[in-house]
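The structure appears below as structure tokens.
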Amino acid sequence: MLEPTSSNQKDHYLSEGLPVMSRLVLTAVGGDLQDTVTLAENPDLHLAPGDVLVEVDAAPVNNADLLFTMGWFSAQPRLPQPLGAEGVGRVIQAGEDVDQTLLGRRVIILPTFVQGTWTDHVVVPASTVVPLSVTNQADALQLAMLPVNPATAYALLHDYATLRPGDWIGLNLANSAVGNYVIALAKRAGIRTLAVVRRESAAEQVRALGADAVVVDGADLGERISAALGGERLRLALEGTTDPAQTAALVQSLEDGGTVVTFAAATGQAPSVPVGDLIYRGIVLRAFFILNWIRDTPRKELEIVYTELADLVEQGVLTAPVEATYPLEDHRAALAHAAKAERSGKILFVPRDRS
């Protein structure tokens with residue numbers, strides 16, 4: 001059980017040059033986050049031989065984090081549960097079995113839903129961090145968001161179909177963080193995107209990102225998608241709403257034998273494809289989950305993918321709007337802000353002033 005750190009303990013750790021860790025902790029599953037999330041201090045930063053101590057620079061608040069606090073995620077909280085899935089920081093200590101060249105290196109922290117990144121400092125296994133190029137000077141806020149959404153977009157474009165320049169893909173929930181990254185990566189590769197959104201303001205957003213065709217949900221959606229494609233067919237459909245009508249509309253323009261990949265479930269419904277398309281046209285329905293992808297992808301490949309994504313962030317190819325940042329002490333305001341609908345950007349925690 002985490003206990004508050006006494007003043008004497010703090011003074012001892014500070015006199016020894018050791019950080020006193022502050023982190024956000026979930027104390028109860030479900031309920032109001034204003035009551036169930038607290039700022040706790042715990043000086044136990046003991047490193048096992050395979051661990052590293054990371055000084056955290058930034059950590060985003062994701063929808064998955066909020067679902068996790070409610071017990072509605074694949075991983076379940078073990079109370080008291082440190083919170084935060086992903087982030088970026090620098091290695092300031094390394095266990096005896098860890099490559100000591102990691103010391104001082106900037107790293108991204110992969111999501112585990114165990115250690116928690118909404119913190120000043122975190123001890124994690126070295127296997128759950130990926131070092132970035134020593135020359136990478138990208139914005140910490142953008143790098144902190146790399147482990148989940150950009151990696152999801154990368155996998156969606158690489159793992160389910162062989163896509164070539166000029167091919168069309170379709171996606172709904174196109175104004176989401178994943179959708180933004182999909183559009184940016186597809187554009188860079190010369191792949192054309194047909195984006196479906198729910199409102200005109202979102203349509204303007206994805207047009208600005210570079211989507212090749214944008215269709216607003218509504219009557220005759222399937223026919224309007226077909227018209228936007230000018231008679232061409234989608235090679236791949238990426239589904240984030242699990243709205244059966246939207247999925248069916250996208251599938252109308254998907255090539256025979258094509259694949260629909262579910263990457264989110266905004267409506268909370270079970271994903272589905274019309275039975276006629278499944279049986280008569282051989283449409284395949286699959287799903288993507290970032291934790292499984294990280295678990296199943298060989299370590300060397302993970303490092304290659306994340307290094308490439310970090311380089312694209314540095315080049316300005318990949319970027320996500322940030323609506324606000326908060327210190328850990330303002331977690332109530334941060335979590336209330338993150339829960340608002342139709343935000344214009346991400347919410348992130350940043351370390352408190354260490355001066």
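Numbers here are sequence positions counted from 1.
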Do you reckon [X] sits in the same ILVMFWY cluster as [Y], going by side-chain contacts under 4.5 Å, direct or chained?
| X | Y | value |
| --- | --- | --- |
| Val123 | Met21 | yes |
| Leu157 | Leu171 | yes |
| Ile191 | Leu209 | no |
| Val29 | Val114 | no |
| Tyr181 | Val196 | no |

OH-CG distance between Tyr160 and Leu236, expressed to the nearest 0.5 angstrom: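 Between atom OH of Tyr160 and atom CG of Leu236 there are 9.5 Å.
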
### Message
Please report the interatomic distance CD(Glu86) to CD1(Ile109), rounded to the nearest 0.5 Å.
### Response
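Interatomic distance, Glu86 CD to Ile109 CD1, rounded to 0.5 Å: 10.0 Å.
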
Close side-chain approach of [X] and [Y], heavy atoms under 4.5 Å:
| X | Y | value |
| --- | --- | --- |
| Leu102 | Pro131 | yes |
| Thr247 | Leu250 | no |
| Leu24 | Phe349 | yes |
| Val122 | Arg23 | no |
| Val350 | Asp57 | no |
| Leu83 | Phe68 | yes |
| Tyr306 | Pro147 | yes |
| Val214 | Val197 | yes |

query = Going through the distances and angles, do Arg286 and Glu239 end up as a salt bridge (Lys or Arg N to Asp or Glu O under 4.0 Å)?
reply = CA-CA 10 Å; Arg286 299 187 63 184; Glu239 212 304 302; over 6 Å; no

For the residue pair [X] and [Y], what are the closest heavy atoms and their distance?
| X | Y | answer |
| --- | --- | --- |
| Ala138 | Asn136 | N-OD1, 2.9 Å |
| Leu141 | Ala58 | CD2-CB, 3.8 Å |
| Leu318 | Gln142 | O-OE1, 4.4 Å |
| Thr307 | Glu303 | OG1-O, 2.7 Å |

Glu323 and Lys340 ion-paired at < 4.0 Å |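 Salt bridge flag = no for Lys340 with Glu323.
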
Requested in this report: Would you mind checking if Arg235 and Glu255 are paired as a salt bridge, meaning a charged N to carboxylate O distance below 4.0 Å?
Outcome: yes

Where the side chain of [X] meets the backbone of [Y], is there a donor-acceptor pair that is under 3.5 Å apart?
| X | Y | result |
| --- | --- | --- |
| Arg343 | Ala338 | yes |
| Thr119 | Ser22 | yes |
| Asp330 | Pro327 | no |
| Thr128 | Val124 | no |

List, one per line, each side-chain donor-acceptor pair under 3.5 Å for residues 256-265, sequence neighbours excluded.
{"residue": "Asp256", "atom": "OD1", "partner": "Arg281", "partner atom": "NE", "Å": "2.8"}
{"residue": "Asp256", "atom": "OD1", "partner": "Arg281", "partner atom": "NH2", "Å": "3.2"}

Given Asp99 and Arg105, is the salt bridge (Lys or Arg N to Asp or Glu O under 4.0 Å) satisfied, shown in steps?
CA-CA 11 Å; Asp99 182 354; Arg105 289 285 297 276; over 6 Å; no

(request) For the residue pair Asp243 and Thr267, confirm or rule out a side-chain donor-acceptor distance under 3.5 Å. (result) no

Step through the shown structure and confirm whether more than 12 heavy atoms of other residues, nucleotides or ligands are within 6.0 Å of CZ on Arg295.
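More than 12 heavy atoms, drawn from other residues, nucleotides or ligands, come within 6.0 Å of this atom.
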
By side chain to side chain donor-acceptor pair (under 3.5 Å), Gln315 pairs with (sequence neighbours left out) none

Arg192 meets the side chain to side chain donor-acceptor pair (under 3.5 Å) criterion, sequence neighbours left out, with Glu232

*Any chance you could lay out the side-chain contact (heavy atoms from CB on, under 4.5 Å) test for Ile169 and Leu163, step after step, and finish with the verdict?*
CA-CA 9 Å; Ile169 65 167; Leu163 298 172; 3.9 Å; yes

Hey, would you say the Phe289 and Phe73 ring centroids sit under 6.0 Å apart?
yes

